[in-house]
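Only one structure is covered here, and it is reproduced in the block below.
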Number of protein chains: 2
Amino acid sequence: MSSSGTTSRGRIDKRQAILEGAFTVFARQGYAQACVQEIANEAGVAKPTVYNHLTDKATLFKHAMEAGARTALDDRLAALEPLANPAEDLRASLEDVAHALLRLHTNERSCALRRLLYSEVTRFPDILDIVVESGPDRLNQALADRLARLTLAGRLRATDPDLAAEQLMALLLGPLEARSQLGTRTLEDTELREVAEAAVRTFLHAWGPDTRERS
Amino acid sequence: MSSSGTTSRGRIDKRQAILEGAFTVFARQGYAQACVQEIANEAGVAKPTVYNHLTDKATLFKHAMEAGARTALDDRLAALEPLANPAEDLRASLEDVAHALLRLHTNERSCALRRLLYSEVTRFPDILDIVVESGPDRLNQALADRLARLTLAGRLRATDPDLAAEQLMALLLGPLEARSQLGTRTLEDTELREVAEAAVRTFLHAWGPDTRERS
DNA sequence: ATTAAGTTGAACCAATGAGTTCAAATGACC
DNA sequence: GGTCATTTGAACTCATTGGTTCAACTTAAT
């Protein structure tokens, strides 16, 4: 690995650059309108090199989407981390995590990824397994785990953590679609905060501990 | 207009057929992959006729989208109607309306429309005004109106009907995205019922009248 | 019957873009 | 310095497709 490690160093770098550039161009133009030459330019590489690493425009697309989705998922999972040991103020912790999720969900790359996913899901059914199943599903599951812990600790009365996670995510992300005009308008940070607060408020109304919550 | 009325009868029919066929083909292939010849075939019409009625592929697309979106919105608004004078059992009424909305939201044409919208919104920013603003926005507003009435009648304690409507819609539609695999899997009617019930339950927890609701 | 509007099919043009070929250049490793 | 894998740029092939043209045809109104 030592010798071939340095030898393939250039290779692996080129491949990374190609996938990176491919995602950028696909995000900007859509699958059909994106041309391979432009991807090569974006990656600072010659056209035959692209075909050397990735046989097809189609497989190029799939790998670029897979890479983009993986990093997006990693970011989201990391944002969930603070819920492992929440502060004394549960509401504040939830709001912070919610806000972080909204920030991630509304950034440029996430919106582009979602757009590409929606538009090409019928022509590339296999990216669905990689991206969706390993995307929202895994995120939901991770969130459900956290909520289950919180329930055991007596800080929530969620009877079904999976359902609770699903609905919390819905309350967070649902309002974004309309407000951000399907991701074309960038939302102010204060507006994200607003949505996060409202979602957590409603969530705690329904799933929170059995106190006399006032509106 | 009486004479030209019958004369243009054929014209208007052709135009309708073209828009209809265009939506079908765009839904199946996406904007870029759809070719005008195929649209003409689908509409049972010659290619120059298409260009005779609609100058461009682009304007053809816009008009097809607009028509598709308009009927989709009309259906949804009609489904909201029963909330005007709800039965004695508010929960049941909400669940029925919710279920109807979910059915409309998951049918073939709606999914295709959403897909096309997401994929082409960057290349056709003007369809956004027609479709989005006159889509979810108007639906939200209509729902908020109903909820406001219910609040005045003392059957809800929604302080902000707009927010309540937004969150109810989020609770309804959010879970669909993951469950239907972005609209590629068709959902059983019982699963839709399940989602509707869960959404209404949580909604009433948070916004319902001030009773001792049990889980 | 005549006219006029609209439709049809087929052929045509021009542009675009995927994928390939190849000789020259690069650069790491011995 | 020599060797080998990889990269590069440019030219090339070939299929697709948007949009046009045109002469023949339908159809309804006068």
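Values below: all heavy atoms of this structure, side chains included; hydrogens, waters and symmetry mates excluded. Each chain gets a letter, A, B and so on, in the order its sequence line appears, and its residues count up from 1.
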To the nearest Å, how far apart are [X] [atom1] and [N] [atom2]?
X: Q37(A); N: dA18(C); atom1: CD; atom2: P; answer: 9 Å
X: Q33(B); N: dT17(D); atom1: CD; atom2: C1'; answer: 12 Å
X: L54(B); N: dG18(D); atom1: CG; atom2: C1'; answer: 15 Å
X: K47(B); N: dT21(D); atom1: NZ; atom2: P; answer: 13 Å
X: D56(A); N: dA18(C); atom1: CG; atom2: P; answer: 11 Å
X: Y51(B); N: dT20(D); atom1: OH; atom2: P; answer: 7 Å
X: F26(A); N: dA18(C); atom1: CZ; atom2: P; answer: 9 Å
X: D13(B); N: dA5(C); atom1: CG; atom2: P; answer: 20 Å

Discussion item. Using a heavy-atom cut-off of 4.0 Å across all strands, would you classify A58(A) as base, sugar-phosphate, or nothing?
Written reply: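 No contact.
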Item to complete: Give A40(A) one of three labels, base, sugar-phosphate or nothing, depending on what nucleic acid heavy atoms sit under 4.0 Å from its own.
Response: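 The answer is nothing, as A40(A) stays clear of every strand by at least 4.0 Å.
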Worksheet item: Regarding K57(B) and the six-membered ring of F26(B), is the cationic atom NZ or CZ under 6.0 Å from the ring centre and inside 45° of its axis?
Response: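 No, K57(B) does not sit over the ring of F26(B).
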Counting only N and O atoms by type, is there a donor-acceptor contact under 3.5 Å from the side chain of [X] to the main-chain atoms of [Y]?
X: T59(B); Y: L54(B); value: no
X: T151(B); Y: L147(B); value: yes
X: E38(A); Y: Q29(A); value: no

Contact under 4.0 Å: [X] side-chain N or O vs [N] OP1/OP2:
X: H53(A); N: dT6(D); result: no
X: T49(B); N: dT7(C); result: no
X: N52(A); N: dT6(D); result: no
X: K14(A); N: dT8(D); result: yes

Worksheet item: Nearest to the side chain of P48(B), which nucleotide is it out of dG9(C), dG18(D), dT8(D)?
Response: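 Out of dG9(C), dG18(D), dT8(D), the nucleotide with an atom closest to P48(B)'s side chain is dG9(C).
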Practice prompt. Assess the side chains of T202(A) and Q167(B): does a donor N or O sit below 3.5 Å from an acceptor N or O?
Written response: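 T202(A) vs Q167(B): donor-acceptor pair found between side chains.
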